[in-house]
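Comments concern the structure below.
This structure is a prediction, so every number in the text was calculated from the model and none was measured. In this chain, numbering begins with 1 at the start of the sequence shown.
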Amino acid sequence: ADMALGGSTNTTLHLPAVFGEAELSLSLDIFDDISRKTPNICKLSPAGTQHIEDLHRAGGIPAVMGALLDKGLVHGEALTVTGKTVAENIKELKAHIIDPDVIRIDKPYAKEGGIAILRGNLAPEGCVIKHTACPKAMFKATLTARPFDCEEDAIDAILHGRIHPGDAVFIRYEGPRGSGMPEMFYTGEAICSDPTLASSVALITDGRFSGASRGPVIGHVSPEAAAGGPIAFIEDGDLISYSVKDRTINLTGIHGVPCTLEEADKVLAERAKAGILPREPRKGFYKLYTDHALSAMKGAGLE
């Protein structure tokens, strides 16, 4: 249902974390698998002009689940906390679509669901993009890296005109170990609020976003910078290429000069010898968490 609604990047944090507490593992490949075969049947704000109250009026989540069940896209036999199956619960609710202009099961907005997991030499463990809220022109791009080591510096650069069309704003050291993984919502909004940047600039971070994020925003880059991930060694002027269709994200140029992936790997390894930025001392539970936090791809729990 989450994929059909357009996808929440936070789902890729919450579900692995729940599985981890149950001593189980959840590969994020399953998000890609489900997304590729689940149509995007709702387009809620900020991806579209409709809102959650419109979805409720149109039949709500039960109607979405019922429509997906009818199409064979939901495991109706799965047992739920009610003691009944998913199919039984939907049947009891007598769920049906009231407004097909809001829940478009027969005329979906897109053939695929809302989330894609990208991997490459920039994010060996993966990163997340909610492409249903991204302009199609930015589904694939090669951009110039503008790295910042905290969100405040990135916002300052955007607001004072130091970011230009074709740039990729990097915000690093904002992952679980770096700073507890705060939302980078305001940076995304600063980009999307500027017409000259909204359709040509991407935000790439080891931090996360809220469900209100829009535009080409790529988060949860793993391993994060504070754990020595490749994102820590991206330099100003490097070229970054990504593709939603191919599910890739890579360093493809050094200081503006294109290079092969093998050459990029060598450069990243050489830069890594200098180490990562020292982190300011933490105290109390914050120190406990940031010293032992798991990768975002594993739910950002504790080791």
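Under a cut-off of 6.0 angstrom, the local environment of OH in Tyr186 is sparse, with at most 12 non-hydrogen atoms contributed by other residues, nucleotides or ligands. Dense packing is recorded around CG of Leu159, with more than 12 heavy atoms of other residues, nucleotides or ligands lying under 6.0 Å away.
Pairs engaging residues 99-130 under the ring-ring contact (aromatic ring centres under 6.0 Å, His included) rule: none recorded [sequence neighbours left out]. Every pair passing salt bridge (Lys or Arg N to Asp or Glu O under 4.0 Å) that includes a residue from residues 256-270 is listed here, sequence neighbours excluded: Glu270-Lys273. Among residue pairs with one or both ends in residues 74-87, those qualifying as salt bridge (Lys or Arg N to Asp or Glu O under 4.0 Å) are Lys84-Glu92; sequence neighbours excluded. Here salt bridge (Lys or Arg N to Asp or Glu O under 4.0 Å) pairs that include residues 34-48, with residues two or more places apart or in two chains, are Arg36-Glu112. Listed by first then second residue, pairs satisfying salt bridge (Lys or Arg N to Asp or Glu O under 4.0 Å) with a partner in residues 14-28 number zero, not counting sequence neighbours. The ring-ring contact (aromatic ring centres under 6.0 Å, His included) pairs that include a residue from residues 44-102 number zero, where partners must be two or more places apart or lie in different chains.
Under a 4.5 Å side-chain heavy-atom cut-off, the cluster of Ile, Leu, Val, Met, Phe, Trp and Tyr residues that includes Leu288 is completed by Phe285, Tyr289, Leu302.
Taking both residues in full, the closest heavy atoms of Ile234 and Ala145 are given as CG2-CB, 3.6 Å, listed atom of the first, atom of the second, then distance. In terms of heavy atoms, Pro223 sits closest to Pro230 at CD-CD, 4.2 Å. The two residues Glu224 and Pro176 make their nearest non-hydrogen contact at OE2-CD, 3.1 Å.
Taking Phe139 as the reference, His131 meet the ring pair (Phe, Tyr, Trp, His ring centres under 6.0 Å) condition, with sequence neighbours excluded. Shown here are the salt bridge (charged side-chain N to carboxylate O under 4.0 Å, His left out) partners of Glu303, two or more places apart in sequence or in another chain: Arg177. Contacts of Glu53 classified as salt bridge (charged side-chain N to carboxylate O under 4.0 Å, His left out), with partners at least two apart in sequence or in another chain: none. Contacts of Arg146 classified as salt bridge (charged side-chain N to carboxylate O under 4.0 Å, His left out), with partners at least two apart in sequence or in another chain: Asp167, Asp236. The salt bridge (charged side-chain N to carboxylate O under 4.0 Å, His left out) test applied to Lys71 returns Asp106, not counting sequence neighbours.
Residue Phe233 holds its CZ atom at 12.5 Å from CG of Leu251, rounded to the nearest 0.5 Å. Atom CD in Glu235 sits 8.0 Å away from atom CD1 in Ile254 (nearest 0.5 Å). Here the straight-line distance linking atom CD1 of Ile117 with atom CD1 of Ile30 works out to 11.5 Å at 0.5 Å rounding.
Between Glu125 and Ser295, the side chains place a donor N or O and an acceptor N or O closer than 3.5 Å (distance only, hydrogens not considered).
Ion pairing of Arg282 with Asp291 is absent here, as no side-chain N (NZ or NE/NH1/NH2) approaches a carboxylate O to less than 4.0 Å. By the 4.0 Å N-to-carboxylate-O rule, Asp238 lies close enough to Arg271 to be salt-bridged with it.
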Check step by step if side-chain hydrogen bond (donor to acceptor under 3.5 Å, both in side chains) holds for Thr187 and Glu151.
CA-CA 7 Å; Thr187 305; Glu151 184 184 27; 3.0 Å; yes
Pair Thr196-Asp194, side-chain hydrogen bond (donor to acceptor under 3.5 Å, both in side chains): steps then yes or no
CA-CA 5 Å; Thr196 64; Asp194 185 332; 2.7 Å; yes
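For the pair Ser222 (side chain) and His220 (backbone), a donor-acceptor distance under 3.5 Å is present. With Thr12 contributing its side chain and Thr9 its backbone, the two residues share a donor-acceptor pair below 3.5 Å. Of the possible donor and acceptor atoms, none in the side chain of Asn250 sits under 3.5 Å from a partner among the backbone N and O of Gly120.
Under the salt bridge (Lys or Arg N to Asp or Glu O under 4.0 Å) rule, Arg172 has a single partner from Asp149, Asp206, Asp153, which is Asp149. When each of Pro216, Pro165, Pro195 is tested with Ser200 by the rule side chain to side chain contact (heavy atoms under 4.5 Å, CB included), just one qualifies, namely Pro165. For the side chain to side chain contact (heavy atoms under 4.5 Å, CB included) criterion with Leu203, the lone passing option out of Ile191, Ile158, Ile218, Ile163 is Ile191.
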